[in-house]
Amino acid sequence: MVLMKSASTCDSVAAVVAEQLLGDILSALHRSGFGSRTRVIRGRSGFDSRLANAGLPASICEVASATPDSTVVIVEAHHQLPAARSLLQSLGLV
């Protein structure tokens with residue numbers, strides 16, 4: 001899978017991914033118990049205000065805004081951040 005950009009905040013991990021990879025990524029997140037903690041922001045309907053409201057690092061916002069056909073996947077993992085980050089790494093997103 002192709003990584004565009006990923007980053008972590010103190011309680012979430014986010015990745016900018018190509019739309020065609022979204023199904024595989026969401027399936028893996030749901031199987032691992034992160035489904036209810038996962039948010040998807042699609043670029044085709046505009047990123048700017050929604051990314052700012054999500055509190056994502058500037059690096060994610062810049063990549064997402066420059067790639068309008070991409071999708072941002074945010075996992076709000078709080079105490080399970082290492083497990084969420086590890087899962088995204090296993091999917092080739094870090």
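None of the values given here were measured: they were computed from a predicted structure.
Separating the CZ atom in Arg85 from the CG atom in Leu88 is a distance of 9.5 Å, to the nearest 0.5 Å. Interatomic distance, OG1 of Thr38 versus CD1 of Ile74, reported as 9.5 Å (0.5 Å rounding).
Applying the side-chain hydrogen bond (donor to acceptor under 3.5 Å, both in side chains) test to pairs two or more places apart or on separate chains, those with a residue in residues 27-37 are Arg37-Gln80.
Formation of a donor-acceptor pair under 3.5 Å by the Ser90 side chain with backbone atoms of Leu87 is found in this model.
For the side chain to side chain contact (heavy atoms under 4.5 Å, CB included) with Val73, the lone residue among Val16, Leu29, Val13 that qualifies is Leu29.
Checking Thr71 against Glu19 by side-chain atom types alone, a donor-acceptor pair falls below 3.5 Å.
Side-chain contact between Ile41 and Arg39: present, with at least one pair of heavy atoms (C-beta onward) separated by less than 4.5 Å. The side-chain heavy atoms of Val17 and Ile25, taken from C-beta on, include a pair separated by under 4.5 Å.
Residues Ala84 and Phe34 approach most closely at N-CZ, 3.6 Å, considering heavy atoms.
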Run the side chain to side chain contact (heavy atoms under 4.5 Å, CB included) check on Asp24 and Leu91 step by step: do they pass?
CA-CA 9 Å; Asp24 293 338; Leu91 296 171; over 6 Å; no
